[in-house]
Amino acid sequence: MIPVPTAQLHRRVIGWFDAEARDLPWRGPSRTPWAVMVSEFMLQQTPVVRVLPVFAAWLDRWPGPADLAAVPAGDALRHWGRLGYPRRALRLHAAAGAIVEHHGGRVPNTAAELLTLPGVGTYTAAAVAAFAYGKRETVVDTNIRRVHARLVGGDALPAPALTAAEMRRAASLLPADDAESVQWNAAVMELGALICTARAPKCSQCPVLDACAWVAAGRPEPHYVPRGQAWAGTDRQVRGAIMGVLRDAAAPVIREVLVTNPVDLALGSPPETVVTPLLKLHRLNASREQLERSLDGLVADGLASEAPAGISLPS
DNA sequence: AACGCGTGGCC
DNA sequence: TGGCCAAGCGT
């Protein structure tokens with residue numbers, strides 16, 4: 001492998017980005033800081049293709065932070081739809097409230113201020129400051145971590161958790177110029193998403209293939225086996241099914257309907273809109289204990305609200 | 001510092 | 001088919 005100067009890496013990856021980047025709505029001329037922030041919340045652990053329709057409807061409904069802050073949290077949860085991790089909707093709603101309350105209704109333009117908002121961590125703060133405001137920030141997401149691990153580190157995959165050494169490496173690779181640093185961050189992220197993917201990377205299309213330390217080393221296997229995410233039988237699965245019922249319910253659902261298997265259920269027919277999600281919930285054959293525990297967890301997390309009339313999304 | 005947290009597409 | 005994976009965060 002012929003060592004390639006960092007400046008040339010910048011030029012080649014950004015050049016590739018200019019030619020090949022996807023035309024995503026949060027990058028276009030209609031981009032606002034709020035749109036960037038909404039997209040970053042939705043993209044946390046969620047693929048772009050699933051975010052696109054929800055993002056468009058969300059911004060149409062709530063064009064600015066004050067618009068979202070003015071409605072009940074339950075509205076945010078309902079319009080989050082099936083994006084997953086609904087606590088993100090709750091945090092985005094709370095962040096909108098904090099922006100109205102403490103920042104004059106404008107999305108903060110520094111990473112330090114952004115970090116104080118609920119649901120905004122190291123990555124999202126840096127990403128919003130960079131992509132919404134053109135700031136020079138060390139943006140490190142899972143795509144960037146993987147590209148750096150291969151291109152510079154010679155490893156198949158980054159470590160299981162983000163390390164301080166990785167942050168230093170990312171900072172050392174960042175172009176000095178503000179505008180160029182923004183392009184670099186976006187370009188490396190896009191390279192990781194489209195070419196330098198976790199499985200079956202498209203190395204033949206990579207603009208920096210000849211500079212890749214991992215390829216030069218003969219593409220060694222990962223140092224560890226990634227731990228799978230448990231799903232079947234977990235509280236997480238049950239919580240998801242309960243949220244599905246509550247999202248589609250036109251009225252509060254009484255606790256017994258949620259935690260009792262239909263064969264034991266001697267109640268009148270629940271509202272039509274609830275039937276399908278309810279069947280999905282009870283097909284899980286979760287124990288009453290697990291159903292109760294999961295429901296209590298949702299209430300404790302503020303994702304559901306319990307009143308004498310029954311359980312519903314929070315108001 | 002591990003762990004819990006939704007959802008669905010992909011090979 | 002089912003495990004893996006996706007622009008993380010909070011505790």
Side-chain angles (χ1 to χ4, degrees), chain A residues 17 21-22 24-27 35-55 77 80-92 94-95 114-132 137-147 156-164 166 170 182 185-194 196-201 222 224-247 277 280-281 284 293-294 297-298 300-304:
Chain A
F17 181 75
R22 292 167 292 180
L24 300 174
W26 44 87
R27 289 175 178 162
V36 171
M37 183 170 153
V38 169
S39 77
E40 293 300 345
F41 269 75
M42 291 184 173
L43 288 164
Q44 290 168 5
Q45 299 283 281
T46 305
V48 165
V49 284
R50 201 175 316 157
V51 165
L52 288 172
V54 183
F55 172 82
L77 285 168
W80 194 255
R82 306 187 62 77
L83 267 190
Y85 289 149
R87 47 176 55 175
R88 291 181 294 165
L90 219 50
R91 289 171 182 160
L92 180 53
L114 286 159
L115 262 180
T116 69
L117 299 174
V120 176
T122 310
Y123 162 75
T124 302
V128 172
F131 302 137
E137 297 286 343
T138 304
V139 178
V140 179
D141 79 321
T142 188
N143 289 307
I144 291 177
R145 294 186 66 212
R146 189 173 53 251
V147 172
L157 294 174
L162 178 61
T163 65
E166 277 183 276
V182 173
N185 282 325
V188 175
M189 203 177 308
E190 190 80 341
L191 188 66
L194 298 184
C196 195
T197 51
R199 289 173 299 188
Y224 68 99
V225 180
R227 294 195 52 191
Q229 305 165 341
W231 176 248
T234 61
D235 286 3
R236 195 148 59 131
Q237 185 185 31
V238 175
R239 286 168 59 113
I242 294 174
M243 285 301 291
V245 175
L246 299 183
R247 264 200 310 272
K280 181 176 178 178
L281 170 62
L284 299 177
R293 181 173 67 244
S294 299
L298 290 173
D301 289 346
L303 290 165

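To find a chain, count down the sequence lines: A is the first, B the second, and so on, and within it residues start at 1. Below, each value reflects all heavy atoms present in this structure, side chains not excepted, and no hydrogens, waters or symmetry copies.
Rounded to a whole angstrom, the distance from the P atom of C:dT1 to that of B:dG6 is 27 Å. With P as the reference atom, C:dG10 and B:dG8 are 24 Å apart, rounded to whole Å. Remark: the separation of the C1' atoms in C:dA6 and B:dA1 is 23 Å, to the nearest Å. As rounded to the nearest Å, B:dG4 and C:dA7 have P atoms that lie 23 Å from one another. Nucleotides B:dC5 and C:dG2 are separated by 23 Å at their P atoms, to the nearest Å.
Here the side chain of A:T197 pairs no donor or acceptor atom with the backbone of A:L194 at under 3.5 angstrom.
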Treat primed atoms plus P, OP1 and OP2 as sugar-phosphate and everything else as base, then score nucleotides 3-8 of chain C 5' to 3': B for base contact with protein heavy atoms under 4.0 Å, S for sugar-phosphate contact only, - for none. BBBBBB
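Nucleic acid contact class of A:L83 (heavy atoms, under 4.0 Å, all strands): base. Residue A:P160 is out of contact with every strand shown, counting any heavy-atom pair closer than 4.0 Å.
Applying the side chain to side chain contact (heavy atoms under 4.5 Å, CB included) criterion to A:R50, with sequence neighbours excluded, gives A:T46, A:P47, A:L83. With sequence neighbours left out, A:R88 forms a salt bridge (Lys or Arg N to Asp or Glu O under 4.0 Å) with no residue at all. In this structure A:R91 satisfies the salt bridge (Lys or Arg N to Asp or Glu O under 4.0 Å) test with no other residue, sequence neighbours excluded. In this structure, the side chain to side chain contact (heavy atoms under 4.5 Å, CB included) partners of A:A35, at least two apart in sequence or on a different chain, are A:T32, A:F55, A:L59. Checked against salt bridge (Lys or Arg N to Asp or Glu O under 4.0 Å), A:R27 has the following partners two or more places apart in sequence or in another chain: A:E190. Remark: A:R236 engages A:Y85, A:Q229, A:W231, A:T234 in a side chain to side chain contact (heavy atoms under 4.5 Å, CB included) (not counting sequence neighbours). Judged as a salt bridge (Lys or Arg N to Asp or Glu O under 4.0 Å), and not counting sequence neighbours, the contacts of A:D235 are A:R293.
Contact footprint of chain A on DNA chain B: nucleotides with an atom under 4.0 Å from a non-hydrogen protein atom, first to last in 5' to 3' order, B:dC3 to B:dG9.
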